[in-house]
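Just so it is clear, the model here is predicted, and its values are computed rather than measured. Both ligands and their constituent atoms are indexed starting at 1 by order of listing.
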Amino acid sequence: MAKEDYELVIGLEVHAELSTKTKIFCSCETEFGAEPNTHICPVCTAMPGALPVLNEKVIEYAVKAGLATNCTISQDSKNDRKNYFYPDLPKSYQISQFDKPLCSNGYIEIEDDLGNPKKIRILRIHIEEDAGKLNHNELSGGSLVDLNRAGVPLIEIVSEPDIRSSGEADRYLKKLKSILQYIDVSDCKMQEGSLRADVNVSVHKKNEPFGTRHEMKNMNSFKSIQRAIEYEKDSQISDAERGITISQETLRWDDFEGRTFNMRDKEDAQDYRYFPEPDLAQIKLSDEYIENIRKSLPEMPESRRARYMSELGLSEKDANLLTASKALSDIFEKAGEICKNYKSVCNWLNSDVARILNEREEEPEQIPFTAENLAELVKLIDDGTISSSIGKKVLDELFENPRSPKQIIEEKGWVQISDESAIKEVVIKILEANPGSVADFKAGKDRALGFLVGQAMKETKGKGNPKMLNEMFLEELRK
Ligand code: ADP
Ligand code: ZN
Ligand code: MG
């Protein structure tokens, strides 16, 4: 049978660290990047007798996530112990949720590979605590345990196996990330592990039941996830073709080698011996509590997109690009508001800023300058202080060492030459140096003018006011 006779099935379990100030069961800070074991206490290091107290913000954030993904919020939920033994889990169990998750039966809308809208169902969203971190010491061997992350709140968002291609998986993850950022419950910094996915992949022949899945744990790069799915698809189809039975396994994707490795056979729910957490009360939520959170939800990407098109006259493509990221869309709104030139702010963000981010392999959240900086850059161009080609150089500076664009052009001496006599001087000089082009122009070759202006821009190192140069050349040539 051919590859086309198989169907690919993907289900994603996404872990997102919530951006609460304190941990889920104690008042330790959650901030990333602190010295190892400085954000710890008896509760999150599992000292005997220390008892957990549930952080109410965690419930609020998880309910927000549930509402933003069209879930039903359970008014009667609870915590459970999930037992497993690993050195970064000091209690030897994780407090999670088993049979009564906080949110269930939602969906996220994405586009399928043909561009048609498609709903990916969400089975459940539950709250749980993160584990600590093992730092493997390559030099001396052995591992050091850092418990700063132990007890950082997580939500786990489990999709139904509705995803049918690596492209759909990519769009689902990006959409989910953008939703979580819009409602401001997670910073979703993948490079810091704030957003990571377990990727379940299986294949089956068309019109037959689903195949057995392979699960790849803890993936935190969109690119690797796509590559891993494509790899698994090919490898599982080739196994199926050769009559090899696929067993349920947990795998590790190796980005360098470009293949997966077996970590362990997959455990089942019974291996975890779940039972209700006896140290915590049940979670009962009133209608009013849930409704208040619903009312507090901010404007979502769809609505922003519609507004950008109807009120600001942006194209659908531009509106889509901007709203795909909350960070980008926030900068756009704020900078546009300040300089009143939304169109130009949009062009900067979607072309030059996007290109630089791409080159740096960074996300819009990592843009180092402020909306005020960008608005000032647009204003400097609009009022003729600098040309747009100097504007590009200012943008490079904003990425390298963010500061006020006014200060940048002063430091660098990049102010546009708009002085009439200075412009005239350059024009005369270029005309004298290029008699051939002058003759061409007089013979009706309009292109010669563009060449002359280009030479003048070169002469002024990009600082000549292009509009004035154009006019001055025409004036002189027509004399
Ligand atoms: P576990 O925690 O044991 O992995 P869950 O039920 O929490 O189990 O998650 C199962 C995940 O695997 C879900 O995202 C689901 O959509 C996905 N899944 C289930 N069956 C398949 C399958 N046959 N192929 C691919 N993914 C699957
Ligand atoms: Zn603590
Ligand atoms: Mg799993």
Item checked: Glu160 and ligand 1 - part of the residue with a heavy-atom distance under 4.0 Å -> backbone
Note to self: Does any N or O of ligand 1 fall below 3.5 Å from an N or O anywhere on Glu156, backbone included?
What the structure shows: no
Item checked: Polar contact flag for Gly211 and ligand 1 (N/O pairs, less than 3.5 Å) -> yes
Notebook entry, point to check: Is Lys326 paired with Asp187 through a side-chain N to carboxylate O contact shorter than 4.0 Å?
Noted result: no
Margin query: Quick test of your reading of the model: are Glu60 and Lys57 salt-bridged, counting only N-O distances below 4.0 Å?
Written below: yes
Notebook entry, point to check: Are Arg81 and Asp279 close enough for a salt bridge, meaning some N to O gap below 4.0 Å?
Noted result: yes
Check: Does the gap between the ring centers of Tyr272 and Phe98 come in under 6.0 Å?
Finding: no
Next item on the list: Would you mind checking if Glu4 and Lys206 are paired as a salt bridge, meaning a charged N to carboxylate O distance below 4.0 Å?
Entry: no
Next item on the list: For ligand 1, indicate whether the residue Leu12 contacts it via side chain, backbone, both or neither (heavy-atom separation under 4.0 Å).
Entry: backbone
Next item on the list: Would you tell me which option among His126, Gln248, Arg124, Glu13 has the nearest heavy-atom contact to atom 9 (O) of ligand 1?
Entry: Glu13
Next item on the list: May I ask you to list the protein N, O or S atoms found at less than 2.8 Å from the Zn ion (ligand 2)?
Entry: Cys26 SG, Cys28 SG, Cys41 SG, Cys44 SG
Notebook entry, point to check: Would Arg403 and Glu411 pass as an ion pair if we require N to O under 4.0 Å?
Noted result: yes
Next item on the list: Decide, yes or no, whether a salt bridge links Glu376 with Lys379 under the criterion of side-chain N to carboxylate O below 4.0 Å.
Entry: no
Next item on the list: Indicate yes or no: does Lys23 engage Asp130 in a salt bridge with an N to O separation below 4.0 Å.
Entry: no
Notebook entry, point to check: What part of Val158 sits under 4.0 Å from ligand 1 if we count only heavy atoms: the side chain, the backbone, both or neither?
Noted result: side chain
Margin query: Assess whether a salt bridge exists between Glu302 and Lys175, defined as any Lys/Arg side-chain N lying under 4.0 Å from an Asp/Glu carboxylate O.
Written below: yes
Next item on the list: Could you list which atoms of ligand 1 come closer than 4.0 Å to a heavy atom of Glu215?
Entry: 4 (O)
Checklist line | Contact check: Pro161 vs ligand 1, nitrogen or oxygen atoms, below 3.5 angstrom | finding: yes
Next item on the list: Would you kindly check if the NZ (Lys) or CZ (Arg) of Arg259 is within the cone defined by 45 degrees around the ring axis of Phe261 and under 6.0 Å from the six-membered ring centre?
Entry: yes
